Amino acid sequence: MRAVVIDGPGSVRVDTRPDPALTGPDGIIVAVGAAGICGSDLHFYDGEYPLAAPVALGHEAVGTVVETGPQVRTVAVGDQVMVSSVAGCGGCEGCATGDPARCRLGPQVFGSGALGGAQADLLAVPAADFQVLKVPDGITTEQALLLTDNLATGWAAARRADIPFGGTVAVIGLGAVGLCALRCAFLQGAATVFAADRVDGRLGRAAAWGATPVGSPAVEAVLAATGGRGADSVIDAVGTDASLTDALSAVRPGGTVSVVGVHDLQPFPLPALACLLRSITLRLTIAPVQRTWPELIALLQSGRLDVDGIFTTTLPLDEAAQGYAIAGSRSGDNVKVMLRP
Ligand SMILES: [Zn+2]
Ligand SMILES: [Zn+2]
């Protein structure tokens, strides 16, 4: 089969690899129909994570079940399924909460080494009854792909930001996760959402969705717009030292900073005393993907939640290198790339 692999910074290619086998009696094989390129894939592309060997990339997949183990109950060959980007064992008390981060064995993410990459013809999925869901009626391929990661992450970012009804929220970083988060923030009761990014085109997208764009420097703009007080809740959808520092500076005393941006491997120098004196709540979250599905699917099906316009580019799998170049440009015109095997 074909699989997108990365050899080193900026070096993505389509490799030929053996077809994956079932991981066990609870596993399935999915023929991938569509896979997303995620901002966190770009950590490999930008050279922030060292690679001991080429890594098969991708953790956002929608596709057709082509093989099932004998213990699989919820899906069958031929079903269209979406695969959670974050995987758990499916059998422990942590996984029973629907949050793979609580898995006793620890969460795993497809396309980062141990599990295969989703940007491929085929993907082996362990504990399929926990990891996948048959794509529900009325859910588009784009929506299903966003449900595997970015929308679940944006939703969790807002849920964990303690947004007061009628409150002010600042979202730092307007990639796919940030744009999902700002929509979720409104749905969860925010009256005002400030949207910060360095790219004008992305500020325009946020404004079109009802957010208040703030230019650089974002902290000063948020403070000025809130009478010097700061936002009730700040969502960091970037995950750099700079964005974390901005988030902690832009939140009001007693407010909450909710981080879903994926940091590099270096420690962050937390200004603990300032945070204590300002009674800041700081939360860092990997999306409880499976647990968000009942809520998000109903909101999408009802039309109350709209995530159209987040995918801006669709390419065949063979053009993955171009897809990564487009995603890596982080431009206003290009937010998110879909690869079609
Ligand atoms: Zn991701
Ligand atoms: Zn588990």
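Computed from a predicted structure; not experimentally measured. Read the numbers this way: they start at 1 and go in the same order the structure lists the ligands and their atoms.
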When you measure from the side chain of Ser302 to the backbone N and O of Leu299, does any donor-acceptor pair fall under 3.5 Å?
->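 Checked: pair present.
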Within the distance-only criterion (no hydrogens, no angle test), does the side chain of His43 pair as donor or acceptor with the backbone N or O of Val262 below 3.5 angstrom?
->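 At least one qualifying donor-acceptor pair exists.
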Metal site the Zn ion (ligand 2), protein N/O/S atoms found under 2.8 Å |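 The number of such protein atoms is 4.
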Sole candidate of Leu223, Asp232, Thr168, Thr226 that passes side-chain contact (heavy atoms from CB on, under 4.5 Å) when paired with Arg252 =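 Of all the options given, the one that passes is Asp232.
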Pairing donors with acceptors under 3.5 angstrom, does anything connect the side chains of [X] and [Y]?
{"X": "Gln131", "Y": "Ser84", "result": "no"}
{"X": "Ser233", "Y": "Asp162", "result": "no"}
{"X": "Thr285", "Y": "Arg160", "result": "yes"}
{"X": "Ser331", "Y": "Asn334", "result": "yes"}

With the threshold set at 4.0 Å, does a side-chain nitrogen-carboxylate oxygen contact exist between Glu60 and Lys336?
->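 Answer for the salt bridge query: yes.
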How long is the span from the CD1 atom in Ile297 to the CG atom in Leu147, to the nearest 0.5 Å?
->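 It is 5.5 Å, given to the nearest 0.5 Å.
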Which protein N, O or S atoms does the Zn ion (ligand 1) have within a distance shorter than 2.8 Å?
->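 Cys38 SG, His59 NE2, Asp149 OD2, with waters left out.
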